[in-house]
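Structure, as structure tokens:
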Amino acid sequence: MSLCRWSTDDYHCDVYIYDSDDGVTIHVAGSRYIFTEPFPPEVPLSRAISAQLMEAWMARQVVISRMIDEMTTEPIGLPHDGVTLIAETPGEAAQVLRDLVTEGYRVPIWVIDALNEEQTELDVAARADVVQPLPDAHGPTCESEASCVCSVGAR
């Protein structure tokens, strides 16, 4: 499943990102869509959608489809145009995306946030999986096994 595609944010996204067997795959666009007019205002959808809201959303999609038919492309002109990058971890992918943003690529900030959150969850799970050594049964106050009275009884 992809985290974002070229069409994300009304086609204003320069990366296509998805999880793969190798890690997080990041394809960087080599060109950008050039539209002849601004996109119509977004129509937010929710679970409780009315017929009127759905009609407005569909009307917007018709306009966007026409705009896509009329658009052109132009090279981005930045160092990573057309490159595919593979990050081993979500945290590494988030850093790669931050670097791409610094270079001038358009990356949705919520994708970087989601990758950071996923890395945090992996780090917490990894720490929980570490086996902690059991404390010495005699405790820190025992001088020798012969003189120790500990939680498991007298010796």
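Keep in mind that what you see is a predicted model, and the values were worked out from it rather than measured.
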Report summary line: Exactly one candidate in V15, I17, I112 meets side-chain contact (heavy atoms from CB on, under 4.5 Å) with L3; the answer is I17
Requested in this report: With sequence neighbours left out, write down each residue that passes salt bridge (Lys or Arg N to Asp or Glu O under 4.0 Å) with R60, or none if nothing qualifies.
Outcome: D10
Query raised in the report: L78, L97: one ILVMFWY side-chain cluster at the under-4.5 Å cut-off?
Result: yes
Query raised in the report: Would you call L100 and V28 a side-chain contact if the rule is heavy atoms closer than 4.5 Å?
Result: yes
Query raised in the report: Considering only heavy atoms from C-beta outward, does the side chain of C13 approach that of P108 to under 4.5 Å?
Result: yes
Report summary line: Across all chains, not counting sequence neighbours, the side-chain hydrogen bond (donor to acceptor under 3.5 Å, both in side chains) partners of T73 are none
Query raised in the report: Any chain of hydrophobic side-chain contacts (each under 4.5 Å) joining M58 to V62?
Result: no
Query raised in the report: Could you give all pairs that pass the ring-ring contact (aromatic ring centres under 6.0 Å, His included) test and reach residues 30-85, with sequence neighbours left out?
Result: Y11-Y33, H12-F39, F35-F39
For residues 85-92, please give each side-chain donor-acceptor pair under 3.5 Å, one per line with the distance, not counting sequence neighbours.
| unit_1 | atom_1 | unit_2 | atom_2 | d |
| --- | --- | --- | --- | --- |
| T89 | OG1 | E92 | N | 3.0 |
| T89 | OG1 | Q119 | OE1 | 3.4 |
| E92 | OE2 | E88 | N | 3.4 |

Requested in this report: Mind checking side-chain contact (heavy atoms from CB on, under 4.5 Å) for S50 and listing every partner two or more places apart, or none if nothing turns up?
Outcome: Q52, L53
Query raised in the report: If you group Ile, Leu, Val, Met, Phe, Trp and Tyr by side-chain heavy-atom gaps below 4.5 Å, do V83 and Y16 land in one group?
Result: no
Query raised in the report: Could you state the interatomic distance from CD (E70) to OG1 (T36), rounded to the nearest 0.5 Å?
Result: 5.5 Å
Query - Selection residues 95-104 - residue pairs positive for salt bridge (Lys or Arg N to Asp or Glu O under 4.0 Å), sequence neighbours left out - result: none
**Report entry** Heavy-atom pair of closest approach, residues R5 and S2
**Finding:** NE-OG, 3.1 Å
**Report entry** Straight-line distance of N116 CG to E121 CD, nearest 0.5 Å
**Finding:** 11.5 Å
Report task. Answer with yes or no whether the hydrophobic clustering places V111 together with Y18; edges join I, L, V, M, F, W, Y residues whose side-chain heavy atoms lie under 4.5 Å apart. Result -> no
**Report entry** I26 side chain near V96 side chain, heavy-atom distance below 4.5 Å
**Finding:** yes
Report summary line: Contacts of S20 meeting side-chain hydrogen bond (donor to acceptor under 3.5 Å, both in side chains) (sequence neighbours excluded), chain-then-number -> T25
Report summary line: The complete set of salt bridge (Lys or Arg N to Asp or Glu O under 4.0 Å) pairs with one or both residues in residues 28-40, sequence neighbours excluded, reads D14-R32, E37-R66
Requested in this report: State yes or no: do I34 and M71 share one hydrophobic cluster built from I, L, V, M, F, W and Y residues joined by side-chain heavy-atom distances below 4.5 Å, directly or via other members?
Outcome: no
Query - Non-neighbouring partners of S65 that pass side-chain contact (heavy atoms from CB on, under 4.5 Å), sequence neighbours left out - result: none
Requested in this report: Kindly write out the residues that satisfy salt bridge (Lys or Arg N to Asp or Glu O under 4.0 Å) with D9, not counting sequence neighbours, or none if the list is empty.
Outcome: none
Query raised in the report: Is the side chain of T8 donor-acceptor paired with the backbone N or O of C4 at a distance under 3.5 Å, no angle test?
Result: no
Report summary line: When rounded to the nearest 0.5 Å, the distance separating CD1 of I68 from OG of S7 is 8.0 Å
Query raised in the report: Which pairs pass ring-ring contact (aromatic ring centres under 6.0 Å, His included) with one or both residues in residues 90-115, sequence neighbours excluded?
Result: none
